[in-house]
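Nothing fancy with the numbering, it's 1 onward along the sequence. In listed order, ligands and their atoms are each counted from 1.
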Amino acid sequence: MSLPKTDPTKTKAWSGLLEHFEQIKSERMQSWFEADPDRAERMSITWADFYVDYSKNRINDKTLSLLFDMANEAGLKQAIDAQFSGAEINETEGRAVLHTALRDFGNMKPEVKETLAKIKSFSDKVINGSWKGASGKPITDVVNIGIGGSDLGPDMICEALKYYQNHLNVHFISNVDGDHVMESLKTLDRETTLFIIVSKTFTTQETLTNANTVRSWFLETMNEADVKHHFAAVSTNLDAVSEFGISSENIFPMWNWVGGRFSLWSAVGLSVACAVGYKNFEDLLRGAHNMDRHFQETDFNGNIPVVLALISVWYNNFFGSESECIVPYSQYLNKLVAYLQQGIMESNGKSVDRNGEVVSYQTGTIVWGSTGTNAQHAFFQLIHQGTKLIPTDFICFAHSLFGKTDHQNKLLANCFAQTEALLQGTYGMEVENSFKIFEGNKPTNTILIQKLTPQSLGSLIAMYEHKLFVQGVIWNIYSYDQWGVELGKKLAKNTLDAIENKSTSNTTNASTKRLINKSF
Ligand SMILES: O=P(O)(O)OC[C@H]1O[C@](O)(CO)[C@@H](O)[C@@H]1O
């Protein structure tokens with residue numbers, strides 16, 4: 001089983017969509033709402049504790065039907081089946097893509113089960129204090145050292161599930177910036193801190209540099225023999241981890257069939273299990289699995305990731321939208337966008353198709369955003385009155401966690417009101433002058449979830465994972481490799497040599513040469 005290799009622009013549906021776009025590009029959503037009282041009901045999906053309203057989009061039934069035709073012509077069903085079957089759909093790296101297998105409790109690989117049991121036993125001990133530091137004191141602080149997928153996921157989840165957090169303090173050291181490392185260490189007590197080094201490859205320059213700096217700092221007052229009480233690691237490269245000096249009982253495996261940016265469901269989530277307890281970590285995984293089943297089993301017209309992906313393709317490839325915005329109305333989700341940026345842009349930032357040909361159409365969207373209501377007071381002006389069409393996802397929760405009704409009502413009112421303002425603008429209203437005109441007709445999706453729980457969070461993240469995969473299938477690109485980040489890594493090595501040796505004789509570019517020389 002492999003991924004189909006269909007050029008989307010050669011499909012019948014693509015031609016149909018081009019023609020259809022010309023017919024409806026100037027139509028106003030408001031008039032569709034007025035003409036069709038059932039629009040909001042028809043263009044929404046209720047699933048588990050999710051209600052997804054996609055009615056405020058510049059689409060009608062014909063648009064949707066053509067988009068579904070395109071998905072069929074692109075072989076989306078075959079692609080979904082290929083992914084879940086464990087086929088090597090990451091062909092350029094010769095790997096299967098099975099992050100979904102990490103959360104499939106009914107059908108779990110023995111090595112995954114075993115690792116989850118190890119995560120449970122380790123995190124239980126750290127939380128209940130039976131895991132002692134070298135001097136016999138219980139752990140108070142857990143520090144995750146990793147970057148990219150080995151940092152963004154656990155950091156985002158720990159922040160999102162802060163309400164469920166226990167007494168442990170969690171910290172994340174990611175950037176190779178030494179100031180960041182030293183600032184993070186400033187308040188930590190060596191005797192009560194546990195460091196988890198997370199690196200799929202265990203070759204990443206930033207993570208290894210940071211891990212070595214942290215170990216030297218630790219050894220300023222502690223002994224080599226104490227390392228095993230304070231350092232654990234998560235990696236596929238078990239030999240390199242042992243070489244670093246971490247004892248085998250503190251090593252958690254991961255596997256090549258899990259991409260870094262989809263790895264929070266593996267032992268990469270160890271810091272999450274420590275921060276919120278294993279039960280909540282497992283609930284997160286179960287929530288993601290529920291979304292996997294919805295994605296795998298539901299017809300395209302009721303399938304949340306599929307519908308959201310196709311609508312996004314509609315704006316990207318027909319309206320020419322370059323970016324899309326994500327605005328969660330929950331401060332707990334303030335790291336969600338950074339996390340999704342890696343997932344979406346590292347996956348779909350590709351310009352060569354699955355046949356090895358340079359594409360003739362747009363692929364990956366630029367994703368950006370921030371939490372509401374803060375975002376309203378920052379960049380919403382541009383979405384409302386700027387010249388660009390920026391489809392926006394509004395994510396909100398029906399119930400808050402602390403039950404502050406007054407705040408919650410205002411938070412939701414702002415969220416819903418923004419989608420309405422973007423839809424209606426001031427169209428048909430009398431305004432004093434042209435500066436006060438809001439064009440309206442700006443597309444939004446609203447994802448209303450009952451409550452922020454580990455389970456609903458798992459479902460939400462899995463929803464975006466599947467959405468990006470669907471888009472990659474339509475665009476005929478390989479979403480699961482990331483060759484584009486390799487060149488920079490290689491050049492950084494050469495440049496480091498020049499900086500360390502204070503010599504630019506091997507630097508060819510004049511601008512880079514001058515920059516290096518100015519830095520001495
Ligand atoms: O976990 P590792 O191997 O240290 O890699 C970290 C990150 O680097 C990348 O390979 C490239 O940025 C990401 O895909 C990955 O999440």
Side-chain angles (χ1 to χ4, degrees), residues 89-99 102 115 119 143-158 172-177 180-181 195-215 231-244 246 251-272 335-350 364 366-367 461 464-465 468-469 472 477-493 495-496:
I89 61 163
N90 177 0
E91 280 184 37
T92 60
E93 294 183 330
R95 290 176 186 168
V97 180
L98 276 176
H99 45 278
L102 298 168
T115 306
I119 294 173
V143 183
N144 187 96
I145 304 174
I147 196 164
S150 298
D151 163 77
L152 290 162
D155 191 7
M156 178 272 290
I157 300 283
C158 285
F172 291 85
I173 295 181
S174 52
N175 200 326
V176 75
D177 177 357
H180 165 52
V181 181
F195 296 97
I196 306 174
I197 306 168
V198 184
S199 176
K200 181 177 166 184
T201 54
F202 224 76
T203 58
T204 303
Q205 184 202 51
E206 293 93 326
T207 301
L208 292 190
T209 306
N210 290 342
N212 279 311
T213 300
V214 166
R215 199 169 67 151
F231 283 80
V234 182
S235 185
T236 55
N237 189 351
L238 305 185
D239 292 342
V241 179
S242 306
E243 223 165 272
F244 184 86
I246 294 180
I251 303 177
F252 293 75
M254 55 189 291
W255 306 277
N256 270 336
W257 40 266
V258 180
R261 53 190 175 275
F262 305 97
S263 63
L264 72 89
W265 322 99
S266 71
V268 169
L270 186 58
S271 53
V272 176
K335 294 184 173 169
L336 179 70
V337 175
Y339 169 76
L340 292 176
Q341 280 176 328
Q342 187 203 11
I344 297 169
M345 299 206 276
E346 197 165 87
S347 298
N348 287 339
K350 311 285 165 66
I366 300 161
V367 178
I461 296 161
Y464 278 110
E465 285 179 348
L468 76 85
F469 171 60
I477 53 176
Y478 286 115
S479 296
Y480 294 122
D481 61 20
Q482 59 288 314
W483 299 108
V485 287
E486 297 306 320
L487 179 62
K489 286 186 196 170
K490 223 187 272 168
L491 289 184
K493 271 200 192 113
T495 312
L496 179 62

For the residue pair W483 / T92, report whether a side-chain donor-acceptor contact shorter than 3.5 Å exists. yes
Identify the closest protein heavy atom to atom 6 (C) of ligand 1: which residue and atom is it, and at what distance? I147 O, 3.2 Å
May I ask you to list the atoms of ligand 1 that are less than 4.0 angstrom from any heavy atom of T204? 2 (P), 3 (O), 4 (O), 5 (O)
Is it true that E91 and Y478 share a donor-acceptor pair across their side chains at a distance under 3.5 Å? yes
So, is the end of the R215 side chain (NZ or CZ) under 6.0 Å from the ring centre of F244 and within 45° of the ring's axis? yes
Polar-atom distance check: G149 versus ligand 1, any N or O pair below 3.5 Å? yes
If you measure from atom 8 (O) of ligand 1 to every heavy atom of Q205, M254, K489, which option wins on shortest distance? K489
Does any N/O atom on T201 come nearer than 3.5 Å to any N/O atom on ligand 1? yes
For atom 11 (C) of ligand 1, what's the nearest protein heavy-atom neighbour? Residue, atom name and distance, please. V485 CG2, 3.5 Å
Counting heavy atoms only, which of E346, R261, E206 is nearest atom 13 (C) of ligand 1? E346
Look at the aromatic rings of F262 and Y480 and report parallel, tilted or perpendicular, splitting at 30° and 60°. perpendicular
Do ligand 1 and E486 have nitrogen or oxygen atoms that lie under 3.5 Å from each other? no
Taking the basic N atoms (NZ, or NE/NH1/NH2) and the acidic carboxylate oxygens, is any pair closer than 4.0 Å for R95 and D481? no
Hits for side-chain hydrogen bond (donor to acceptor under 3.5 Å, both in side chains) against N237, two or more places apart or cross-chain, chain-then-number order -> none
